[in-house]
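Here is the structure we will look at, set down as structure tokens.
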Amino acid sequence: MPTMVPLVMLLAFFPAIVTGSKPHIVYALVDDWGHYNSHVLGNNPDIHTPNLDKLVANGAILDRHYTYQFCSPTRVSLMSGRLPIHVKEDNDWVGGVPRNMTIIAKKLQSAGYSTHHLGKWHAGSASFGHIPAGRGFDTSLGYFHASEDHYANTAPALLLKNCSAFNTTWPCGTDGRFDQLKGVDLWRNLKPATGENGTGYNLFHWMHEVTSIITTLPEGSPLFLYMAFQNNHAPLQVPDQYSNLYNNITGIKRTYYGMTTAWDDALGNITRLMESTNMWSNTLLVISSDNGGPIYSGGGANNYPLRGGKISDFEGGVRVASVIAGGFLPSKQVGKTISGYIHICDWYATFCAVAGVNPVDTAAAAAGLPPIDSMNMWPMLSGENSTSPRVSIPLSSGQGTHAGEILTKGSKGALIHQNYKIIVGRICENAWTSPNYPNGTHVDPRQICMDCGTGCLFDIINDPTEHHDLSANPAYRDTMLMMIEMHKKLVVNGCWNHTQAKGEQFDSEKVAQAMQEKYNHFWGPAYP
């Protein structure tokens, strides 16, 4: 367990908070958005993202924005202000941010913000202390799982060893490893959204709610909106009005492109609504993906020219498309590309700074939990200086799990430090895609693996596509030794096992029982 830093020392890591009017803050988190899957930002001539293009032109590109290699750890990192290795590396939907950690919504709520969550959560739902409305969001409308049907709101639970043992009239199938017990996953605040499920495309549901939130915002209250888009996560589904824009494209690529244009349309609706209510001039909007686009079979994304994709620590899996915009961004930053390192956990301290609230998590400290890793990026983003305070990013420990299994057996994780990245042990998604990917002829990249042993070394600043492994180059011997030592210090010895959070281990079968017996086939918390 990493050494805890005293609170008085922690204060020294955070530049002075911003004074003046508190901005409206909107975080638009896009699900499974590929690095190449936008028009101007991705330099893709075939995809229509006019609203994102406008925001790029009137905002700034965040060229080195990093996340975890898949869903839940990224979302937990954003909410908690911790690097995933200090809070959660599994993709389970039941556990999440430990209840004694203060999430960003609670911090902003304490600063007078009206706080709202829409869409995907995937940051804990075992208890009412894990779900959005139970820990700092004034309102919430969304779902808890990693994915669900975009129309029916049904989601399977990959967590039951013996589905047939449950008395259920609902579908009970299998994915070959775990049984699946299907239920409805749609919650409004502290109860199931009964009657709202199955009423249309989820994205339209979220947009209707956005209109209500913005138009009824109490006068004088700053807004924090966490807009967690379901698009572009599987199952790949989109209304015909969007897929028909791509009649020259076939297969899953056509659906994926349609889903991208759909969320871009929604993004445009949000910005226009904020303009019409005179909010935009004092708004800070951040857009990013939660991980690299999935290039494996059925994923539909493309991270060209980067190597790899979702579930990989190659740049294609962790360096995500991102933009910052809104009238709160100083005009001198408009049109710029900001190249300093940012990890998604850094928005915690950054939002606290612009809101005028101390980012230190005293509740977590009292419970013996890790302190925040978040760093205030506002001086760099606002142009006060040109460098990032972050020089190191521990990307993963190699222990990330999905459905209870280590995702990449033999992985020892990855670390960025200064110009370099070291990947230790086994890694998959060892592939580059072309601009026309997916084209129906590929081999599943999950099966294309390599063993980096004690470490593959890449200069990701001068070789962003990771074509040149420098680990055996004598000229980089000292760098390699330094990176091995940094990996040992920050990843191997610095990783925190989230099972150490007392009282945070839950019986998944009780959650399934609650779905049937307590919530009439809606997934929801099993514990108080």
Side-chain angles (χ1 to χ4, degrees), residues 1-5 13 66-70 72-74 76-77 80-92 95 98 101 291 308 311-315 317-319 341 343-346 364 368-375 390-402 404-430 449-460 466 469-472 476-501 504:
M1 181 173 180
T3 303
M4 299 299 170
V5 183
F13 290 111
Y66 286 86
T67 65
Y68 198 74
Q69 58 178 265
F70 54 78
S72 186
T74 288
V76 167
S77 181
S80 72
R82 276 82 173 172
L83 292 160
I85 67 166
H86 295 153
V87 60
K88 183 180 191 282
E89 285 191 273
D90 66 67
N91 213 38
D92 170 45
M101 287 184 179
N291 42 247
I311 69 170
S312 162
D313 280 324
F314 285 123
E315 292 288 271
V318 294
R319 179 182 167 193
Y341 288 145
H343 189 274
I344 198 164
C345 77
D346 293 325
L369 298 174
I372 66 168
D373 300 297
S374 187
M375 296 180 177
R390 182 169 292 286
V391 296
S392 301
I393 304 177
L395 293 168
S396 75
S397 70
Q399 300 306 300
T401 62
H402 180 72
E405 299 178 358
I406 296 289
L407 200 57
T408 306
K409 293 180 175 65
S411 171
K412 302 297 182 183
L415 166 76
I416 291 171
H417 182 66
Q418 298 174 348
N419 282 23
Y420 300 97
K421 179 197 288 185
I422 186 170
I423 298 173
V424 182
R426 189 168 178 263
I427 186 169
C428 298
E429 301 269 314
N430 177 28
C449 305
M450 62 184 288
D451 191 345
C452 285
T454 56
C456 295
L457 181 69
F458 301 97
D459 180 346
I460 57 173
E466 297 172 300
D469 178 9
L470 305 173
S471 60
Y476 290 88
R477 179 179 180 276
D478 290 344
T479 300
M480 183 64 181
L481 292 174
M482 180 268 291
M483 291 296 289
I484 290 173
E485 184 60 29
M486 290 295 293
H487 177 268
K488 181 180 179 181
K489 176 183 177 182
L490 297 179
V491 177
V492 177
N493 295 334
C495 186
W496 178 75
N497 185 343
H498 73 276
T499 61
Q500 294 170 239
E504 292 292 331

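Side chains are part of it too, since the values below use all heavy atoms of this structure and drop only hydrogens, waters and symmetry mates.
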Might you point out which heavy atoms bring [X] and [Y] nearest each other, and give the distance in Å?
{"X": "Cys456", "Y": "Phe458", "answer": "CB-CE1, 3.7 Å"}
{"X": "Ile423", "Y": "Ala414", "answer": "CG1-CB, 4.1 Å"}
{"X": "His343", "Y": "Ser77", "answer": "CE1-OG, 3.3 Å"}
{"X": "Pro394", "Y": "Val491", "answer": "CB-CG2, 4.0 Å"}
{"X": "Met101", "Y": "Pro370", "answer": "CE-CD, 3.9 Å"}
{"X": "Glu89", "Y": "Phe70", "answer": "O-CZ, 3.5 Å"}

Quick check for you: to the nearest 0.5 Å, what is the distance between [X] atom [atom1] and [Y] atom [atom2]?
{"X": "Thr479", "Y": "Asn419", "atom1": "OG1", "atom2": "CG", "answer": "9.5 Å"}
{"X": "Lys412", "Y": "Lys488", "atom1": "NZ", "atom2": "NZ", "answer": "14.0 Å"}
{"X": "Arg390", "Y": "Ser374", "atom1": "CZ", "atom2": "OG", "answer": "7.5 Å"}
{"X": "Asp459", "Y": "Leu470", "atom1": "CG", "atom2": "CG", "answer": "6.5 Å"}
{"X": "Ile393", "Y": "Asp373", "atom1": "CD1", "atom2": "CG", "answer": "11.5 Å"}
{"X": "Cys495", "Y": "Ile85", "atom1": "SG", "atom2": "CD1", "answer": "5.5 Å"}

Heavy-atom side-chain proximity of [X] to [Y] below 4.5 angstrom:
{"X": "Ser411", "Y": "Ile427", "value": "no"}
{"X": "Pro98", "Y": "Val87", "value": "yes"}
{"X": "Leu369", "Y": "Trp496", "value": "yes"}
{"X": "Lys409", "Y": "Cys449", "value": "no"}
{"X": "Met480", "Y": "Ile422", "value": "yes"}
{"X": "Leu395", "Y": "Lys421", "value": "yes"}
{"X": "Asn91", "Y": "Ser72", "value": "yes"}
{"X": "Lys88", "Y": "Ser80", "value": "no"}

| request: For His86 and Gly494, indicate whether the former's side chain and the latter's backbone hold a donor-acceptor pair under 3.5 Å. | output: yes
| Would a distance-only check, ignoring hydrogens and angles, find a side-chain to backbone donor-acceptor pair under 3.5 Å from Glu315 to Glu466? | no
| field | Verdict with supporting geometry, Gln69 and Asn291, side-chain contact (heavy atoms from CB on, under 4.5 Å) | value | CA-CA 5 Å; Gln69 58 178 265; Asn291 42 247; 5.7 Å; no
| Taking it one step at a time, do Tyr341 and Gln418 satisfy side chain to side chain donor-acceptor pair (under 3.5 Å)? | CA-CA 9 Å; Tyr341 288 145; Gln418 298 174 348; over 6 Å; no
